[in-house]
2 protein chains.
Amino acid sequence: MINQGDPFEGLYIVHCGMLKQSYQRRYDELITHFFLPGDVIGLDAIGYRCYAGTVATVETSGLRLIPFRCIEDLSSPEARLKELICCLSEAMHDEHTRLWQILNQPSDVKVAGFFITMSYKFRNQGCSPHSFRLPMSRQEIANYLCMASETACRIIKRFQKQGLLSARGHEYCILDPEGLTSIAEQ
Amino acid sequence: MINQGDPFEGLYIVHCGMLKQSYQRRYDELITHFFLPGDVIGLDAIGYRCYAGTVATVETSGLRLIPFRCIEDLSSPEARLKELICCLSEAMHDEHTRLWQILNQPSDVKVAGFFITMSYKFRNQGCSPHSFRLPMSRQEIANYLCMASETACRIIKRFQKQGLLSARGHEYCILDPEGLTSIAEQ
DNA sequence: CGTCCGTTTGAAGAGTATCAATCCGTGTGG
DNA sequence: CCACACGGATTGATACTCTTCAAACGGACG
């Protein structure tokens, strides 16, 4: 889809499905974003005129391109530009939240926070916040949360034993939102 | 100066000195930014209309305020808005870089990367990239890099033994830039 | 001189990564 | 229809980095 370093051609709005953005180094990569419907892809590409990471689908997805010239075009209404500015700033803020979620927190807090965040995003889409499907693999979740996939497995299993959630394949049920939240906000 | 949650009043451009932005939780705080001359404070506050973190001086600093109304004012030239958009996007990208620097990397890589980044920033200001003063404490550096202050101490001491840099109080000399870079890019 | 705060140093412990093996579901070819 | 293989998921044992706790040290300042 999009490769890290590709020249910036425009923003993409996600209509359906799920995508991931990853930042590549020598031999490994770090997943920096999961994009759900309503999210904007490419905000971090405007300034340096090239995409900051590789974007790939996690499941079949629908996108809409907003070409670069529409952003750069001086004749576009200023309202749009300001909308974009707010969008950028909010994305930056959300990034801080994620950064905090991950840094300095033990793994179980990170995993709990991940499921709470996902639940919240599905609720915003009008889907059930208690039962949903996450198309990404455990390894991708672990990478996103910066931990070994084995660690993610063990914690998910522990959460199941504690009755906090159930996981069968890619289907997840949040059984105890309060319990998970209390762990995430530890 | 600025407290987390304060209503957004405008952006600040740093003219001289150094400041820090920290994100506060229950009992602890995470330093998310060190602002050097040329940096912009408050980009992450535009969208949600309130400052995302507490900003405080690390040493005496000079700032210039760009009031909110200048940003919101419809009559402002569009060129300025687009400049702001690029600024936001670049800041977001730089944030990714920092996020990567910290996540998943052993402590010595983080510390080496920190000094390389600082050296680079001083060079951009026209100061010596080999010898400079960092007004922040070791504890603040450690917090910024998400590690215990003792760990930061030990690594700085090890770097000194290896002849990579020298540190006397807040004065630092980069003795072996290539050596540090090779550790940082590990 | 004594106190305070930041720095440094040491020893112990917790948490997580790593490695290795096994399990499981899916798809493939005979 | 049934082995078989493959990738992901799971589980266990081990090693290691880093944090934590505790204490000593140093300079700044009243």
Side-chain angles (χ1 to χ4, degrees), chain A residues 18 20 22 25 27-31 56-59 101-115 133-162 164-173 183-184 186, chain B residues 18 20 22 25 27-31 56-59 101-115 133-162 165-172 183-184 186:
Chain A
M18 193 177 295
K20 63 174 180 179
S22 54
R25 266 171 74 97
Y27 308 108
D28 48 359
E29 63 172 9
L30 171 73
I31 297 176
T57 56
V58 179
E59 64 180 355
Q101 253 193 14
I102 292 188
L103 292 172
N104 253 347
Q105 297 290 348
S107 293
D108 52 352
V109 175
K110 295 196 280 187
V111 174
F114 174 75
F115 281 109
R133 186 185 132 80
L134 297 181
M136 70 284 271
S137 69
R138 306 283 157 104
Q139 295 182 12
E140 288 174 319
I141 294 175
N143 182 310
Y144 181 65
L145 298 177
C146 287
M147 63 180 71
S149 60
E150 294 94 328
T151 305
C153 261
R154 281 183 247 266
I155 289 169
I156 290 174
K157 166 138 290 199
R158 196 205 308 159
F159 284 173
Q160 285 181 278
K161 280 182 185 169
Q162 295 173 345
L164 296 171
L165 58 82
S166 75
R168 297 186 315 282
H170 290 199
E171 292 291 337
Y172 298 87
C173 287
I183 294 177
Q186 202 177 62
Chain B
M18 193 177 295
K20 63 175 179 177
S22 55
R25 266 171 76 95
Y27 308 109
D28 49 357
E29 63 172 8
L30 171 73
I31 297 176
T57 56
V58 179
E59 64 179 356
Q101 253 193 13
I102 291 187
L103 293 170
N104 250 348
Q105 297 290 349
S107 292
D108 53 350
V109 175
K110 295 196 280 188
V111 174
F114 174 75
F115 282 110
R133 186 185 133 79
L134 296 180
M136 69 285 270
S137 69
R138 306 283 157 105
Q139 295 182 13
E140 288 174 318
I141 293 176
N143 182 310
Y144 182 66
L145 298 177
C146 287
M147 62 179 73
S149 60
E150 295 93 327
T151 305
C153 262
R154 281 183 247 266
I155 290 170
I156 290 174
K157 167 138 290 198
R158 196 206 308 159
F159 283 174
Q160 286 180 279
K161 280 182 185 169
Q162 296 173 344
L165 57 81
S166 75
R168 296 184 315 282
H170 289 201
E171 292 290 337
Y172 298 87
I183 294 176
Q186 200 176 63

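Rounded to the nearest 0.5 Å, atoms CG (A:L134) and CE (A:M18) are 5.5 Å apart. Here the CD-SG distance, from A:Q105 to B:C146, works out to 9.5 Å after rounding to the nearest 0.5 Å. To the nearest 0.5 Å, atoms CD1 (B:I141) and CZ (B:F114) are separated by 4.5 Å. Taking CZ of A:F115 as the reference point, atom CD1 of A:I156 lies at 4.0 Å (rounded to 0.5 Å).
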Protein within reach of the bases, or only the backbone? For nucleotides 11-27 of chain C, mark each nucleotide 5' to 3' as B, S or -, using heavy atoms under 4.0 Å. B----SSBBB-------

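The heavy-atom pair separating A:A184 from A:V109 by the smallest distance is O-CG1, 3.3 Å. When every heavy atom of A:A142 is checked against every heavy atom of A:A152, the shortest pair comes out as CB-CB, 3.9 Å.
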Enumerate all atom pairs, one protein N or O and one N or O from nucleotides 23-30 of chain D, separated by less than 3.5 Å.
none

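The nearest whole Å value for the distance from the CD1 atom in B:I156 to the P atom in C:dT7 is 9 Å. Atom CD of B:Q139 and atom C1' of C:dG6 are 6 Å apart (whole Å). Taking atom CD on A:E140 and atom P on D:dG7, their separation rounds to 15 Å, with Å as the unit. Rounded to an integer number of Å, the gap from B:Q160 CD to C:dT9 C1' is 14 Å. One can place CZ of B:R168 at 13 Å from P of C:dT8, the figure rounded to the nearest angstrom.
Listed by chain and residue number, nothing satisfies the salt bridge (charged side-chain N to carboxylate O under 4.0 Å, His left out) test with B:R133 (two or more places apart in sequence, or in another chain). Residues meeting the ring pair (Phe, Tyr, Trp, His ring centres under 6.0 Å) test with B:F159, sequence neighbours left out: none.
Contacts classified as side-chain hydrogen bond (donor to acceptor under 3.5 Å, both in side chains) and involving residues 136-151 of chain A (residues at least two apart or in different chains) are given here: A:K20-A:E140, A:R138-A:Y172.
The side chain of B:K157 contributes an N or O atom lying less than 4.0 Å from OP1 or OP2 of C:dT9.
Taken over five-pair windows at either terminus, the axes of the helix from C:dC1-D:dG30 to C:dG30-D:dC1 are inclined to one another by 20° (rounded to 10 degrees).
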Assess the residue pair B:Q160 and B:L165 against the criterion (side-chain contact (heavy atoms from CB on, under 4.5 Å)); give the C-alpha distance rounded to whole Å, side-chain angles, the decisive distance to 0.1 Å, and a yes or no. CA-CA 5 Å; B:Q160 286 180 279; B:L165 57 81; 4.0 Å; yes

side-chain contact (heavy atoms from CB on, under 4.5 Å) evaluation trace for A:I31 with A:M136: CA-CA 11 Å; A:I31 297 176; A:M136 70 284 271; over 6 Å; no

